[in-house]
Amino acid sequence: LPEDREKPVHIVSDQAVLDDAKGTVTYTGNVKLTQGTLEINADKVVLHVVNNELTKAFAYGKPAHYQQLPSPNQPLTHAYGLTLEYDLTAETVTAIEQAKLTQNQDTFTGERITYDITKRTVNAFSAQGSSGKRVEMILQPKKKATP
Amino acid sequence: MSLKNRVILILAFVLIGIALLRYDLREPDQPVLSLEVLDGEKADSYATDITTDRFDQNGQLASSVFSPRVDHFQSKGVSLLQMPDIRTWSKDGEWHTTAKNGRYYDADEHIELENNVVIDRQPPQNPITMATEWLRIDSHLEQASTDRPVVITAPDGIAEATGMTADWASNRVTLLSQVRATYEKAR
């Protein structure tokens, strides 16, 4: 939801390391990050804090999973990837490696997928070179409004 | 009453008078403090307003421990510290730790702190405050650790966990289990 970005970010995990030199906090073991309706589940999440403000979260898993309610009357948007980058400033989520995103009934897969939370737009990218995974989109036909 | 008894009585009164006089003239700022007892054994000595400094191999001040009252138990090789106030320095800055009680072990020079233990990491490092009920400090290893619940507050949020190690040499704090954290946007 649009107001999610104003909500506090909550995290639970098994362990954590606060590394002042790098300006990061690394959470490991059954990590769950929530912010309003936004939720990320991963094996490991690395938070980047700049000037005492949380700017980015990198989630790693097999796969890491993101979900969020785009608006009250729409189904959850889901994203999966071996790496998920949640940019709190740009308000984007980027799935990297074995990337997949489902929005309404549509499904996108590729090497890298960037989802703009505010605009609800999807940009999908294939891997470099010919052998890489190509972008695939499965768009479900919208049901016609019955007259 | 015979003369002899009368003389003895007078002498007794004189002695009591002198004793009372000496007690009365005792230094007013010399409080008669009882020695602490540990496991049924009384301390061998105590000292007040004690500061103990430790320097690293380069001659830099590495840690400074102050306590308004320390009781030492020779046979146990233990000292009980009241209101210990500990400052430790690493290459990145200072950590300041206070508690209600402390126990220093001569053998391996570690300190155990108890009750209202608060550790403050000072600027220029990112300031954080850690609160727990028990903490072990190994100054020569530049480390502190606890297996108890700990609450960490920072300008951007708060975290709770069970068990923690702090390493001032690498400036890392590791939360060992049951980690729960909340980050708020600066208003």
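Residue numbers begin at 1 in each chain, while the letters A, B, ... track the order of the sequences.
In terms of hydrophobic clustering, with Ile, Leu, Val, Met, Phe, Trp and Tyr side chains grouped at heavy-atom distances under 4.5 Å, W168(B) and V65(B) are assigned to a common cluster. L113(B) and L80(B) sit in two unconnected hydrophobic clusters of ILVMFWY residues. Membership requires side-chain heavy atoms under 4.5 Å apart, directly or through other members. Both I119(B) and I111(B) are assigned to one and the same hydrophobic cluster, defined by single-linkage of ILVMFWY side chains at heavy-atom distances under 4.5 Å. Hydrophobic cluster membership differs between I86(B) and W89(B), with clusters built from Ile, Leu, Val, Met, Phe, Trp and Tyr side chains linked at under 4.5 angstrom. Tracing side-chain contacts under 4.5 Å through hydrophobic residues (I, L, V, M, F, W, Y), one never reaches F73(B) starting from L81(B); they form parts of separate clusters.
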L47(A) vs Y183(B), test: side-chain contact (heavy atoms from CB on, under 4.5 Å). Steps then yes/no.
CA-CA 10 Å; L47(A) 298 188; Y183(B) 293 82; 3.3 Å; yes

May I have the step-by-step check of side-chain contact (heavy atoms from CB on, under 4.5 Å) for D20(A) and V173(B), ending in yes or no?
CA-CA 8 Å; D20(A) 194 52; V173(B) 173; over 6 Å; no

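For a residue to count as touching a neighbouring chain, one of its non-hydrogen atoms must lie under 4.5 Å from one of that chain's; by this rule V31(A) does not touch chain B. Of the atoms belonging to L54(A), it is side-chain heavy atoms, and not backbone ones, that fall under 4.5 Å from chain B. For chain B, the nearby part of D14(A) is the backbone; its heavy atoms alone come within less than 4.5 Å. Contact of A161(B) with chain A is not made at all, since no heavy-atom distance falls under 4.5 Å.
Atom-to-atom distance recorded for I11(A):CD1 and T182(B):OG1 is 8.5 Å, nearest 0.5 angstrom. For the atom pair CD of E184(B) and NZ of K7(A), the computed distance is 11.5 Å after rounding to the nearest 0.5 Å. With rounding to the nearest 0.5 angstrom, the CZ atom of R172(B) is 7.5 Å from the OG1 atom of T26(A).
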Donor-acceptor contacts, no H, no angles, side chain residues 139-149 of chain B, under 3.5 Å, sequence neighbours left out:
residue	atom	partner	partner atom	Å
Q143(B)	NE2	D167(B)	OD2	3.4
T146(B)	OG1	W134(B)	O	2.6
T146(B)	OG1	R148(B)	N	3.1

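The number of heavy-atom neighbours closer than 6.0 Å to NZ of K119(A), taken from other residues, nucleotides and ligands shown, is 12 or below. Within 6.0 Å of CG in N51(A) there are 12 or fewer heavy atoms belonging to other residues, nucleotides or ligands.
With sequence neighbours excluded, the residues satisfying side chain to side chain contact (heavy atoms under 4.5 Å, CB included) with D39(B) are K76(B).
Among A159(B), G157(B), P155(B), the residue with the largest count of heavy-atom pairs under 4.5 Å with chain A is P155(B). Contact count against chain B (heavy-atom pairs under 4.5 Å) is highest for L18(A) among L18(A), D19(A), V12(A).
Within the hydrophobic cluster formed by Ile, Leu, Val, Met, Phe, Trp and Tyr side chains joined at under 4.5 Å, directly or through other members, I158(B) is accompanied by V151(B).
Among all heavy-atom pairs drawn from D156(B) and N52(A), the shortest one is CB-O, 2.9 Å.
Residue-level contacts of residues 78-88 of chain A with chain B do not occur; threshold 4.5 Å between heavy atoms.
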